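Contents: one structure, followed by commentary.
The analysis underlying the following values was restricted to heavy atoms, covering all of them including side chains, and did not include hydrogens, waters or symmetry mates. All values reported here derive from a predicted model rather than from experimental measurement.
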Amino acid sequence: MKVCILSMQKVNNMGSLLQSYGLKRILETVGCEVEYIDIKRIDKDYDLLGSYTQDFSQEFGKTGFWGKISRIDKYLLNRLKYRKLVIEQNNLFEKFRLEKLNIDRKSEKYDLCVIGSDEVFNCLNSGYWGFTSQLFGNVPEAKRVITYAASCGTTKYEDLPDEIADRIRESFKKISTFSVRDKNTLYFVRNLSDNQVSENFDPVLIYDFDNEIEQEDLIKIPQRYCIVYSYRNRIHNNNEISEIKNFCRVHKLTPIAVGSAQFWIENFIVCSPFQCLKLFKNANFVITDTFHGTIFAAKYTNKFAVLIRDSNRNKLGDLIERLGIKDHLINNMEELDIVYQTEKDANSIYQIIGREYSRSLEYLKGNI
């Protein structure tokens, strides 16, 4: 069967690339020939919402003129150095797309399109393409359409403008069955479609990357280190920075940034997605405020701390509850020492992952 995945594989993000790869490999294990199709801007859809996005700018600090002024500080050399390193990191992302995802392979027609995973339904924060009904089932290249572990991110059903809701409801008629990855998205779909909905974990969580990790060389890194995994410069608050630095100093850990640079961390490690997972596997501690960073830590690191922010409360809160890792949740960086004493319950997590992998395989086999 020829299958296309409609997802976020073009986003320069470790989680986006690894979930794309994980879903591809899972589909290949059940006999599918897999390619990717890109998200399209559809003008008549775009005009309904335009480039509107929800405002979470406060999570990233000052912008505009005062933002530029604030960047002239003691970390200026770091910021200048990271410009080059960010380019190197993005080049590795593109290499991964070409060599591991084979995104240059394109066909005109497919037997099936799988929409997902990632925030494919997050239509109030939908990037350069704006709102597009393609992500909600309008995929003329495919005979049939299903979803896998789709997420709305911060978009809620109650916040949808009526015209957008109507367009989604109409597009959803083209999807034969739904798989979502959090309760917010479950509620969203059930209010817009009468079709069956399954809850499944993100591919990064259920796919076994051990072989891929084993083949990677470990990058030169400090002997004892703490990974800080967040979006670029999102950890910008002086209090948060100070707490993390003090925590690392007390526990003799070197903070390193992986995936995206943090201006106040000297060590930004440029690495491939598989090397990223290996770094997590060998980390002494992880601090993250992202969905996929939490998955990386839960699978591969014994000690970690997760901070939920407003922009990911829906999906990250749901993940923490379903994995049973509430003991690793912090309300602020002042609580790092508390969770440092907590080691994950690896057996429980692996049992959950094993069970959910079987459920996901059953869902995909039954719908391809």
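Under a cutoff of 6.0 Å and an axis angle of 45°, R181 and F291 form a cation-pi pair. In this structure, K303 is positioned above the aromatic face of Y340, its NZ or CZ under 6.0 Å from the six-membered ring centre and within 45° of the axis.
Between the CG atom in N367 and the CD1 atom in I146 there is a gap of 5.5 Å [rounded to 0.5 Å].
Among the candidates E33, E141, E35, the single residue satisfying the side chain to side chain donor-acceptor pair (under 3.5 Å) test with Y110 is E35. Just one of K100, E94, K95 meets the side chain to side chain contact (heavy atoms under 4.5 Å, CB included) condition when paired with L98; it is E94.
Ring planes of F247 and H251: tilted class, angle from 30 to 60°. Ring-plane geometry between F136 and F172 is classed as tilted, the angle between the planes lying from 30 to 60 degrees on a 0 to 90 degree scale. Ring-plane geometry between F96 and F274 is classed as perpendicular, the angle between the planes exceeding 60 degrees on a 0 to 90 degree scale with a lower cut at 30.
Taking the ring centroids of Y229 and F280, they lie under the 6.0 Å cut-off.
Using a 4.5 Å heavy-atom cutoff, the side chains of L361 and I26 are in contact.
Taking the charged nitrogens against the carboxylate oxygens, E170 and R167 have no contact shorter than 4.0 Å, which rules out a salt bridge. A salt bridge is absent between K315 and D318; no separation between the charged side-chain nitrogens and carboxylate oxygens falls under 4.0 Å.
Under a hydrophobic clustering in which Ile, Leu, Val, Met, Phe, Trp and Tyr are joined whenever their side-chain heavy atoms come within less than 4.5 Å, directly or via other members, I39 and I42 fall into different clusters.
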**Prompt:** Can you check side chain to side chain contact (heavy atoms under 4.5 Å, CB included) on D38 and K106, steps first, answer last?
**Reply:** CA-CA 10 Å; D38 297 331; K106 301 287 182 185; 3.6 Å; yes

